[in-house]
Amino acid sequence: MVMSASWKNQLFLQILLLLSCCRHSSTSPTTTPLHPITLGPTGNKSVILRGENHTEKVELSQPINLTLECTWMGNQKRLPNITGYWRKDGEEIQDSHLTVQFENEKYNLKREFSISTEKDLGIYSCVFGSEAHTDFILAAPQIGEMRDKPIVSYVGDSVGIICKMDKAKPKPHTWFWYRENGTDKDRILINPQPHRYEINNNDKEQMTKLVVHNLTQDDSGLYYCGAVYGIGSSMGHVELKVITIMEPLKPFLAILVEVIILVTAILVYEKTQPVKRETAGDVTNAIQKNDPPQEEDNKPEENSWRLRKF
């Protein structure tokens with residue numbers, strides 16, 4: 001009984017301690033953690049250059065501290081050192097010149113870049129003197145292959161235009177649609193014209209679909225879809241051609257006209273042939289009447305031949 005009572009006392013004390021801890025945690029003030037603005041994870045892209053030039057595509061979906069590294073195996077000259085530097089979009093990056101030593105049978109050039117906005121994307125090049133260079137094309141994930149041929153639809157119908165991102169690539173944050181307007185692009189908004197446009201985004205399939213209703217010939221042109229990421233956006237385009245129902249019949253109508261012309265020419269020719277034949281017959285009969293009979297002229301010759309024989 002004594003042990004049972006002591007066990008109960010210990011259990012009661014533990015419960016009191018637990019309640020006091022809970023009360024203390026509930027009454028203590030809570031602070032909202034601050035989320036620092038960072039560029040994202042650090043990345044590294046390396047290329048071994050064995051020729052004179054090389055192009056490498058790098059797709060980025062978010063801001064990043066990116067280290068680009070070029071290794072050139074050199075050429076027949078094998079100079080002990082050369083001048084190396086970096087370019088962005090064809091322009092030399094300031095303070096990027098340095099002397100690159102030929103070590104371990106290769107030249108090596110390395111630099112870290114802060115890619116935080118869409119303006120930072122572009123073509124970065126590492127240059128080894130005037131001998132060789134490597135181009136890194138930094139861009140947002142590119143949309144999958146689009147239709148090469150235009151989508152053809154008819155006046156008054158509805159048409160769906162699809163843009164799709166490869167599932168192996170990061171999922172876009174959102175999608176936008178644009179329509180070409182001369183040298184500019186106008187964004188397509190559903191609210192002003194709900195009966196004309198319809199946009200359906202499928203996050204699972206990483207695709208978007210634009211539906212245009214009540215088509216007119218003025219709807220013909222280029223339509224652009226944009227996949228938006230944290231670092232920028234990528235664009236793809238499809239051409240739409242709206243025609244009337246008579247458009248596909250034009251080749252057949254042209255053939256029909258040619259057939260009618262040919263048949264008419266044949267009929268006219270056949271009708272003129274009997275007239276030509278009758279005219280030719282009349283001329284022949286007239287010639288035969290004017291010519292003297294040849295049988296009577298030949299008889300004296302035959303008789304004279306016979307007399308000589310006897």
Side-chain angles (χ1 to χ4, degrees), residues 57 59-61 118 121-122 137-269:
K57 294 183 178 180
E59 293 187 346
L60 304 174
S61 61
E118 192 167 8
L121 299 176
I137 302 177
L138 308 187
Q142 299 300 296
I143 295 173
E145 294 183 1
M146 307 291 292
R147 286 177 59 104
D148 294 333
K149 298 181 179 179
I151 298 175
V152 180
S153 191
Y154 296 97
V155 172
D157 288 350
S158 297
V159 67
I161 307 173
I162 295 176
C163 266
K164 191 172 184 180
M165 183 68 69
D166 191 344
K167 289 185 178 180
K169 297 182 179 182
K171 184 184 299 183
H173 294 174
T174 186
W175 295 87
F176 291 119
W177 281 93
Y178 303 87
R179 182 186 173 186
E180 187 179 51
N181 182 14
T183 58
D184 201 0
K185 300 180 184 69
D186 293 335
R187 184 176 170 184
I188 297 176
L189 300 175
I190 300 177
N191 294 333
Q193 297 176 300
H195 302 292
R196 282 277 289 150
Y197 298 108
E198 179 183 348
I199 298 176
N200 299 315
N201 297 332
N202 190 329
D203 294 337
K204 184 178 180 181
E205 297 296 329
Q206 295 192 185
M207 61 173 288
T208 179
K209 182 178 181 181
L210 170 68
V211 181
V212 186
H213 300 286
N214 302 321
L215 289 171
T216 65
Q217 288 186 305
D218 292 336
D219 293 321
S220 298
L222 292 177
Y223 288 79
Y224 293 83
C225 59
V228 181
Y229 288 92
I231 191 64
S233 60
S234 61
M235 303 284 286
H237 70 273
V238 179
E239 183 181 359
L240 174 63
K241 186 177 181 181
V242 182
I243 61 177
T244 62
I245 195 65
M246 293 298 295
E247 192 74 20
L249 299 178
K250 287 183 178 180
F252 300 100
L253 293 176
I255 294 173
L256 180 61
V257 171
E258 292 180 359
V259 171
I260 292 174
I261 293 173
L262 181 60
V263 171
T264 303
I266 293 173
L267 293 176
V268 171
Y269 176 78

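Bear in mind the structure is a predicted one, so any value in this text is a computation, not a measurement.
Separating the CD atom in Glu59 from the CG atom in Leu138 is a distance of 10.5 Å, to the nearest 0.5 Å. Expressed to the nearest 0.5 Å, how far SG of Cys225 lies from CE of Met235 amounts to 7.5 Å. Between the CD atom in Glu118 and the OH atom in Tyr229 there is a gap of 13.0 Å [rounded to 0.5 Å]. Here Met146 contributes atom CE and His237 contributes atom NE2; the two are 8.0 Å apart, rounded to the nearest 0.5 Å. In this structure, the separation between CZ on Arg196 and CD1 on Ile190 is 13.0 Å, given to the nearest 0.5 Å. The distance from the CG atom of Asp219 to the CG atom of Asp157 is 11.5 Å, given to the nearest 0.5 Å.
Of the possible polar contacts, one joining the Gln206 side chain to the Asp166 backbone as a donor-acceptor pair under 3.5 Å is found. Using a distance-only test at 3.5 Å, with no hydrogens or angles considered, a donor-acceptor pair links the side chain of Ser234 to the main chain of Pro141.
Note that Lys185 lies outside the cation-pi zone of Tyr178, set by a 6.0 Å cut-off to the ring centre and a 45° limit from the axis.
Taking all atoms of both residues into account, the shortest heavy-atom contact from Met207 to Ile162 is CE-CG2, 3.5 Å. Heavy atoms only, all atoms of each residue included: Val228 and Ser233 are closest at CA-CB, 4.0 Å. Across all non-hydrogen atoms, the minimal contact from Ser220 to Val242 is OG-N, 2.9 Å. The minimum heavy-atom distance linking Leu215 with Ser158 is given by the pair CD1-C, 4.3 Å. Scanning both residues, His173 and Gly230, for their nearest heavy atoms gives CE1-N, 3.4 Å.
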Lys169/Gln142 under side chain to side chain contact (heavy atoms under 4.5 Å, CB included): CA gap, chis, key distance, verdict: CA-CA 9 Å; Lys169 297 182 179 182; Gln142 299 300 296; 4.0 Å; yes
Step-by-step salt bridge (Lys or Arg N to Asp or Glu O under 4.0 Å) determination, Glu198 to Lys209: CA-CA 8 Å; Glu198 179 183 348; Lys209 182 178 181 181; over 6 Å; no
Audit row: Ile243, Tyr154, side chain to side chain contact (heavy atoms under 4.5 Å, CB included) steps and yes/no: CA-CA 5 Å; Ile243 61 177; Tyr154 296 97; 3.8 Å; yes
Steps toward side chain to side chain contact (heavy atoms under 4.5 Å, CB included) verdict (Trp177, Ile161): CA-CA 10 Å; Trp177 281 93; Ile161 307 173; 3.8 Å; yes
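Contact annotation: the side chain of Lys164 approaches that of Glu205 to within less than 4.5 Å [non-hydrogen atoms, C-beta and beyond]. Two residues are said to be in side-chain contact when any heavy atoms from C-beta on lie closer than 4.5 Å; Ile199 and Leu210 meet this criterion.
Salt bridge Lys149/Glu239: absent, no basic N to carboxylate O contact under 4.0 Å.
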